2 protein chains.
Amino acid sequence: MTDINFSRGPADPDSQGAAGTSPATRAGEMRWDIIELLFFAYRDFVGDADHELEAFGFGRAHHRVMHFVYRYPGLKVADLLDVLRITKQSLGRVLKQLLDEGYIVQKTGNNDRRQRLLYATPKGEALVAKLAGLQTDRITHALRDINPEGVAAISQFLRAMIDRDDPDKVLEAIFGIGSKKPRE
Amino acid sequence: MTDINFSRGPADPDSQGAAGTSPATRAGEMRWDIIELLFFAYRDFVGDADHELEAFGFGRAHHRVMHFVYRYPGLKVADLLDVLRITKQSLGRVLKQLLDEGYIVQKTGNNDRRQRLLYATPKGEALVAKLAGLQTDRITHALRDINPEGVAAISQFLRAMIDRDDPDKVLEAIFGIGSKKPRE
DNA sequence: AAATTTATGTCAGTCATGTTGACATATCTT
DNA sequence: AAGATATGTCAACATGACTGACATAAATTT
């Protein structure tokens, strides 16, 4: 049936050396393993939520907004734009739906009445909890046979994969700039 | 400045318990840390390639196709569909561009002349190497201070995050299903 | 007080990438 | 010869990105 050549790597690995210009260009030095594991792990990780979201008529964009609004109550629209790295227009459509359908409420800022601070409603909280539950189940399973040192290494690795130049508000909170300890 | 309430978690965490139905529904049991680290880590991980791809007039879809064609020479179209989990039409557009612009070539299968086996050209290999170089640099940096046991834990974690029911050809290769006949 | 900047919202149009369903062709299998 | 399979292509559509322009209210600066 499947007569694919599954020898790993290109037919002529040596042809790589001269082509690229970035520091790691020789095929032998590439972290193909981690690159591909990240692809598949993330694909299935978000797949959990994707499937559930269909029942709500929502997409990934809605999930991301709901998640961060729930997790960081009182988030401003501008902060959300920084975190999600999308444009105002893209966010606007999704946010409007979530507001209209009662998953999120806005409150005018106390200090600055131009701001619309965002909060999840109980309905919104339930959705986030449901999705996070699915993802937590997968994570818990994946961590099952890993000892505390291993878990620490995983956490350290993921943190070190994140850009730290010009972090947004949420990242500052995650990395505990203000001595706030992430729940762990 | 930013007068956001950055207390962690929802205003009323206890409201979660009754709402959800999946195993992990109580807010205190959620792996918010890993969930968010995965989001940011993957965002920045793929961001490396995204930026570079603009110069080629390509998007993420092109990268994914090029990557797997380069890594698994002789991949069939059907295998690529399994791996990427997209439809024939979506793949078709992207694949046609890569063929037209000389990044990929097709060869008719020897055993089965209906098959179009895909191979990266030197031009395609150079592109993959460049993008993988950027991502490898990030990974290498993130693994810098992690000992071999930690790296093993990271690898194990990522593998365990991946669905193993009905794995595709590439996953079978990654997980080293050693027998001659992985699927029938 | 007036002018400017900021935070947000919205409109119009475009693009990339995904979808479904139908259908055509060549080739392999029965 | 008939049917199944691998691939390619068509039309139509959905989502979620984008740019650029513009409007409003509120804060800030002059």
Side-chain angles (χ1 to χ4, degrees), chain A residues 1-4 43 46-47 49-51 53-54 56-66 69 74-100 104-118 168-169, chain B residues 1-4 43 46-47 49-51 53-66 69 74-101 104-118 168-169 183-184:
Chain A
M1 287 319 192
T2 53
D3 50 358
I4 298 169
R43 182 191 67 173
V46 296
D50 284 349
H51 184 259
L53 282 161
E54 282 181 29
F56 292 83
F58 290 152
R60 276 185 205 179
H62 302 86
H63 184 195
R64 293 196 286 262
V65 171
M66 276 311 310
V69 167
L75 210 59
K76 287 187 304 181
V77 169
D79 294 318
L80 214 35
L81 291 174
D82 284 343
V83 173
L84 302 179
R85 290 198 188 159
I86 59 176
T87 56
K88 196 167 40 166
Q89 294 72 13
S90 285
L91 176 58
R93 272 180 311 224
V94 171
L95 191 52
K96 190 171 192 308
Q97 278 183 271
L98 293 170
L99 288 165
D100 290 348
I104 287 178
V105 289
Q106 287 180 328
K107 291 183 187 175
T108 300
N110 291 327
N111 304 342
D112 188 334
R113 288 172 43 78
R114 291 171 304 182
Q115 297 174 349
R116 303 298 148 82
L117 309 186
L118 303 172
D168 53 58
K169 295 287 159 197
Chain B
M1 285 272 194
T2 54
D3 48 357
I4 298 169
R43 182 191 66 175
V46 296
D50 285 349
H51 184 257
L53 283 161
E54 282 181 29
F56 292 83
F58 290 152
R60 278 185 203 179
H62 301 86
H63 183 195
R64 293 196 286 261
V65 171
M66 276 310 310
V69 168
L75 210 58
K76 287 187 303 182
V77 170
D79 293 319
L80 212 36
L81 291 174
D82 285 343
V83 173
L84 302 180
R85 292 199 186 159
I86 58 177
T87 54
K88 196 169 38 167
Q89 293 72 14
S90 282
L91 175 59
R93 273 182 308 227
V94 171
L95 189 54
K96 191 172 191 308
Q97 278 184 272
L98 292 170
L99 288 165
D100 289 348
E101 300 187 32
I104 287 178
V105 289
Q106 287 179 327
K107 292 183 187 174
T108 299
N110 291 327
N111 304 341
D112 187 335
R113 289 172 42 80
R114 292 171 303 181
Q115 296 174 351
R116 304 299 149 80
L117 310 185
L118 304 171
D168 53 60
K169 294 289 161 199
R183 185 191 298 183
E184 157 176 56

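Everything numeric in this text was worked out from a predicted model, so none of it was measured. Numbers restart at 1 for each chain; the letters A, B, ... are given by sequence-line order, proteins then strands.
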Between D:dG8 atom P and B:Ile104 atom CD1, what is the distance in whole Å? 11 Å
Below the 4.0 Å mark, does C:dG18 have OP1 or OP2 next to a side-chain nitrogen or oxygen of B:Arg64? yes
Could you tell me how far apart A:Leu81 (CG) and D:dA17 (P) are, to the nearest whole angstrom? 11 Å
When rounded to the nearest 0.5 Å, the distance separating CG of B:Asp82 from NZ of B:Lys169 is 8.5 Å
Round to the nearest Å and state the distance from B:Leu99 atom CG to D:dT9 atom P. 10 Å
Just compare C:dA7, D:dT9, D:dT7 and give me whichever is closest to any side-chain atom of A:Asp112. C:dA7
From the list D:dA6, D:dT7, C:dG9, which nucleotide is the closest neighbour of the side chain of B:Arg114? D:dA6
Please report the shortest heavy-atom distance between B:Leu117 and B:Gly74, naming the atom on each side. CD2-O, 3.6 Å
Please determine whether any donor N or O and acceptor N or O are separated by less than 3.5 Å between the side chain of B:Gln89 and the base of C:dG21. yes
Counting heavy atoms from C-beta on, name the nucleotide in C:dC28, D:dA17, C:dA7 closest to the side chain of A:Ile86. D:dA17
Would you mind reading off the distance between B:Leu95 atom CG and D:dA6 atom C1', rounded to a whole angstrom? 13 Å
Once you round it to whole Å, what is the distance between C1' of D:dT15 and CZ of A:Phe58? 14 Å
Side-chain heavy atoms of B:Phe56 within contact of B:Met66, under 4.5 Å: no
B:Lys76 vs B:Leu118, test: side-chain contact (heavy atoms from CB on, under 4.5 Å). Steps then yes/no. CA-CA 6 Å; B:Lys76 287 187 303 182; B:Leu118 304 171; over 6 Å; no
Which part of the nucleic acid, if any, lies within contact of B:Gly92, taking any heavy atom under 4.0 Å across all strands shown: a base, the sugar-phosphate backbone alone, or nothing? nothing
Protein-nucleotide distance (B:Lys88, atom NZ; C:dA24, atom C1'), rounded to Å: 10 Å
When rounded to whole Å, the CZ to P distance for the pair B:Arg116 and C:dC28 reads 11 Å
Is it the case that the base of C:dG18 and the side chain of B:Arg93 share a donor-acceptor contact (distance under 3.5 Å, atom types as modelled)? yes
Over how many whole Å does the gap from A:Glu54 atom CD to C:dG18 atom P extend? 16 Å
So, OP1 or OP2 of D:dG8: does either fall under 4.0 Å of a side-chain N or O from B:Gln106? yes
Quick one: is A:Ser90 getting a side-chain N or O under 4.0 Å of the D:dC18 phosphate, OP1 or OP2? yes
Closest to the A:Thr87 side chain, choosing from D:dA26, D:dC18, C:dG9: D:dC18
For residues B:Ile104 and B:Val65, determine if any side-chain heavy atom of one lies less than 4.5 Å from a side-chain heavy atom of the other. yes
